[in-house]
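See structure below.
In what follows, chains carry the letters A, B, and so on, assigned in the order in which the sequence lines appear, proteins first and then strands, with residues in each chain numbered from 1.
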Number of protein chains: 2
Amino acid sequence: MRGATMTRRGRGHLANDSWEALLTAHAVLMKRFAAAPIWDEVSMREYDVLYTLAKQDRPIRLGELNRNVLLSQPALSRLVERLADRGLVERAPDPADGRGVRLALTEAGREQQRRTGRRHAADVAREVGAALGDEEMRTLEALTRKLAGQDRPSGEAEEENR
Amino acid sequence: MRGATMTRRGRGHLANDSWEALLTAHAVLMKRFAAAPIWDEVSMREYDVLYTLAKQDRPIRLGELNRNVLLSQPALSRLVERLADRGLVERAPDPADGRGVRLALTEAGREQQRRTGRRHAADVAREVGAALGDEEMRTLEALTRKLAGQDRPSGEAEEENR
DNA sequence: CCGATGTTCATGCGTTTGCATCTACCTCAA
DNA sequence: TTGAGGTAGATGCAAACGCATGAACATCGG
């Protein structure tokens, strides 16, 4: 006899259903966050870059940044250029690699990130905190970390260490 | 024993950490999916619209669609217009509301969604399936569904204009 | 040392997006 | 019925994006 047809579906369906649920949660919450009146100085995408740079303890490369930001390389290059023009990001040539650029926040950029981040974090805490309990948040973090931290099953090689 | 202050601070961090982890997972997987050679006919954003329409059993409104798609209303309006020009989506005036439009897939649109969806679902199943076990996927789905919140929590610290 | 190949970021260009605004329609109170 | 106010979607326009490609540098085999 076949498996029960109640809620039993294949692994593929499980994977797709969970991914769809994640996408929905992402879209719904992003829309709520975008509606907050805190993006008058930096846009959400710009904040994404500022936040990623703020997490680093030393300058990072553009390509490195591009792994965390959902933008094409040219688009990110120009976004960084705009942030540099506004004095929020500093672009310096990489002494170890003449092709590369080393990106870091300026003091103004760090301050801007803190200011926007403080307000945005409150929204995140309110929305996520209202939906999930402590243990659920911990579980969600663990699962999404695991989801992101996978090696590619097929494709070209990627340097993990240095 | 009480720890109100610490609890609130801790919850805020929990919420922000889990949200950041979700964002990272979203960005990382989206980049992998985008790299797949299956978007030659419809882009990921177009597919998002086709998929959302495919899930509906009857025509939906643009604003309704816009709640699921992470685009501004004008951008979505024009995206739908392009899809309609390509014969994938049908736009009909809503008999119940002269302002609205009723959106539905054409037969070609449904077929296109199925074709792209089949290939994309394989990628999703491979990536997500490789990272999480069955029970983990079920848990992730449950948590992200809860996070998306069919109903907004009452007693919001926002504007109660309802 | 040299040329071939790969990598990193920037630039040209057509397309798409967001913001502000407009039009058309709905709702409701007077 | 009518007009004020609200809502749904479309449109003008500048900004931003993705794709293809270019320029500069790195790497490696011969």
Euclidean distance, atom CD1 of residue B:I60 to atom P of D:dA8 [Å, nearest integer]:
14 Å

Let me know the distance between CG of B:D97 and C1' of D:dG9, rounded to the nearest Å.
10 Å

Given C:dT27, is OP1 or OP2 found less than 4.0 Å from the side-chain N or O atoms of B:R99?
no

A:R82 CZ to D:dA14 C1': how many Å, rounded?
13 Å

Just checking A:D94: base, sugar-phosphate only, or nothing, at a heavy-atom cut-off of under 4.0 Å?
nothing

Does B:R91 have a side-chain nitrogen or oxygen under 4.0 Å from the phosphate oxygens OP1 or OP2 of D:dA8?
no

Work out which heavy atom in B:A54 is nearest to a heavy atom in B:R110; give both atom names and the distance.
O-NH1, 4.3 Å

To the nearest Å, give me how far apart CH2 (B:W39) and C1' (D:dC17) are.
18 Å

Quick one: do B:R119 and B:D40 make a salt bridge, cutoff under 4.0 Å?
yes

OP1 or OP2 of D:dG9 less than 4.0 angstrom from a side-chain nitrogen or oxygen of B:R61, does that happen here?
yes

Spacing of B:E46 atom CD relative to C:dT15 atom P, expressed in whole Å:
14 Å

Dump the intermediate steps for salt bridge (Lys or Arg N to Asp or Glu O under 4.0 Å) on A:R82 and A:D85, then the final yes or no.
CA-CA 5 Å; A:R82 272 172 262 138; A:D85 291 343; over 6 Å; no

Among the nucleotides D:dT11, C:dT17, C:dT11, whichever has the atom closest to the side chain of B:L71 is C:dT17

Take B:E81 and A:A75, find for each the nucleotide of DNA chain D with the closest heavy atom, and name the residue whose nucleotide sits nearer the 5' end.
B:E81

Between the side chain of A:E20 and the main-chain N/O of A:D17, is any donor-acceptor distance below 3.5 Å?
no

Establish, with yes or no, whether the OP1 or OP2 oxygen of D:dG9 is under 4.0 angstrom from a side-chain nitrogen or oxygen of B:R78.
no

What's the CD-C1' distance between B:Q73 and D:dG12, to the nearest Å?
14 Å

Under a 3.5 Å distance rule, please check whether A:E127 uses its side chain to pair with a backbone N or O of A:V124 as donor and acceptor.
no

Grab the CG-P distance between B:L79 and D:dC17 for me, whole Å please.
17 Å

In whole angstrom, what separates B:R67's CZ from D:dA8's C1'?
12 Å

Closest-nucleotide 5' rank along DNA chain D - winner of B:L62 and A:L76:
B:L62

Hey, is the side chain of A:R45 poking within less than 4.0 Å of OP1 or OP2 on D:dC17, counting only N and O atoms?
yes

Measuring to OP1 and OP2 of C:dC9, would you say a side-chain N or O of A:S77 lies under 4.0 angstrom away?
no

